[in-house]
Amino acid sequence: MQLILETTAAAQTQALGARVAQSLREGDILALVGDLGAGKTTFTQGLAHGLGIRAAITSPTFVLINRYRDGQGRTLHHADCYRLADAPVEMWDAGLGDLFAGDDIVVVEWADRIPSLLPEEFLEIAFAYLDEDRRQICLTAHGARYVTLLQHLEKNAD
Ligand code: ADP
Ligand code: MG
């Protein structure tokens, strides 16, 4: 299952993130792909806001994976594979494999750089730059859990 959307402002991409947050369960994995500036971090900011996280979300650079506690006591991990020379090895060493196997919510930017680490089931979200303020956002379910998630998301569309 696949949903293809278009947003015309950063705030709209954040609002989509907040909507996805309402459909998330513990253990869910979101694999974000798309070029620099396509909107992956912007989306994650909205998602974190939707989870009730008050902290400012910035791209994890020095620590590779940032951790936040959400409004319900759940944990969100935000990983970014950009700028890593050997992303699968470095992310494995940082513990991302364990996080994928665990019960927390995990969002990974540049997930296409760690194909060998990704689990069988995850939600892929691909961001494409259309023009300065417009992005195409394509959500693809890999696995039954994420078909359910997208159905839930569609049902709760504004
Ligand atoms: P990435 O994490 O993919 O590198 P960012 O989210 O950091 O990208 O940057 C996206 C930039 O594009 C931000 O400066 C944001 O304000 C801007 N922008 C403009 N329009 C949009 C849109 N429709 N969706 C997301 N970001 C947008
Ligand atoms: Mg980013």
Side-chain angles (χ1 to χ4, degrees), residues 1-3 7 10 13-129 135-150 152-153:
M1 180 174 179
Q2 194 168 62
L3 292 183
T7 63
T13 297
Q14 289 178 332
L16 175 65
R19 250 182 71 208
V20 169
Q22 304 316 313
S23 299
L24 286 181
R25 285 191 201 150
E26 282 177 306
D28 281 345
I29 296 160
L30 306 187
L32 276 41
V33 302
D35 289 339
L36 202 62
K40 303 179 294 299
T41 300
T42 300
F43 173 88
T44 306
Q45 287 166 345
L47 181 113
H49 189 77
L51 288 173
I53 294 166
R54 297 283 161 254
I57 304 292
T58 52
S59 266
T61 32
F62 298 110
V63 290
L64 304 190
I65 307 172
N66 283 339
R67 190 176 62 193
Y68 306 90
R69 190 58 52 92
D70 85 356
Q72 300 174 35
R74 300 177 300 188
T75 301
L76 167 71
H77 300 274
H78 178 206
D80 193 336
C81 304
Y82 185 60
R83 249 198 285 256
L84 300 183
D86 189 345
V89 166
E90 289 175 65
M91 277 300 179
W92 176 263
D93 288 344
L96 192 58
D98 291 332
L99 295 183
F100 284 154
D103 287 331
D104 295 337
I105 296 167
V106 185
V107 174
V108 184
E109 295 192 39
W110 296 96
D112 47 330
R113 300 201 171 178
I114 53 159
S116 56
L117 272 194
L118 283 177
E120 251 172 66
E121 301 208 350
F122 59 90
L123 182 67
E124 177 187 333
I125 310 181
F127 299 80
Y129 182 101
R135 303 291 186 273
Q136 187 192 66
I137 303 174
C138 181
L139 302 96
T140 307
H142 296 267
R145 157 63 195 142
Y146 299 97
V147 172
T148 304
L149 193 161
L150 288 186
H152 186 267
L153 187 70

Return the [atom1] to [atom2] distance between [X] and [Y], rounded to the nearest 0.5 Å.
{"X": "Gln22", "Y": "Leu149", "atom1": "CD", "atom2": "CG", "result": "11.5 Å"}
{"X": "Glu121", "Y": "His142", "atom1": "CD", "atom2": "NE2", "result": "10.5 Å"}
{"X": "Leu47", "Y": "Ile57", "atom1": "CG", "atom2": "CD1", "result": "8.5 Å"}
{"X": "Ser59", "Y": "Leu64", "atom1": "OG", "atom2": "CG", "result": "11.5 Å"}
{"X": "Leu99", "Y": "Met91", "atom1": "CG", "atom2": "CE", "result": "10.0 Å"}
{"X": "Trp110", "Y": "Asp35", "atom1": "CH2", "atom2": "CG", "result": "5.5 Å"}

Closest non-hydrogen atom pair between [X] and [Y], with its separation:
{"X": "Ala31", "Y": "Phe122", "answer": "CB-CD1, 3.6 Å"}
{"X": "Arg25", "Y": "Thr148", "answer": "NH2-CG2, 4.3 Å"}
{"X": "Gly34", "Y": "Lys40", "answer": "O-NZ, 2.8 Å"}
{"X": "Phe100", "Y": "Leu117", "answer": "CD1-O, 3.5 Å"}
{"X": "Ile53", "Y": "Asp70", "answer": "CG1-CA, 3.6 Å"}
{"X": "Ala79", "Y": "Ile65", "answer": "CB-CG1, 3.8 Å"}

Does either side chain, that of Gln2 or that of Thr140, offer a donor lying less than 3.5 Å from an acceptor on the other one?
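Yes.
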Flag for His78-Glu109: side-chain donor and acceptor within less than 3.5 Å
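Yes - a donor-acceptor pair under 3.5 Å links their side chains.
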For Thr75 and Arg69, run side chain to side chain contact (heavy atoms under 4.5 Å, CB included): C-alpha distance rounded to whole Å, both residues' side-chain angles, the deciding distance at 0.1 Å, then the answer.
CA-CA 5 Å; Thr75 301; Arg69 190 58 52 92; 3.3 Å; yes
Do the side chain of [X] and the main chain of [Y] share a donor and acceptor less than 3.5 angstrom apart?
{"X": "Glu90", "Y": "Ala85", "answer": "yes"}
{"X": "Arg19", "Y": "Leu153", "answer": "yes"}
{"X": "Arg135", "Y": "Ala38", "answer": "yes"}

Looking at side-chain heavy atoms only, is the closest gap between [X] and [Y] below 4.5 Å?
{"X": "Leu123", "Y": "Leu150", "result": "yes"}
{"X": "Tyr146", "Y": "Asp28", "result": "yes"}
{"X": "Leu24", "Y": "Leu76", "result": "no"}

For Phe43 and Phe127, take the angle between the two ring planes, folded into 0 to 90°, and tell me which bin it lands in: parallel under 30, tilted 30 to 60, perpendicular over 60.
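Because their plane-to-plane angle is over 60°, the rings of Phe43 and Phe127 count as perpendicular.
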Stepwise, does the side chain to side chain contact (heavy atoms under 4.5 Å, CB included) test hold for Thr44 with Leu30?
CA-CA 10 Å; Thr44 306; Leu30 306 187; over 6 Å; no
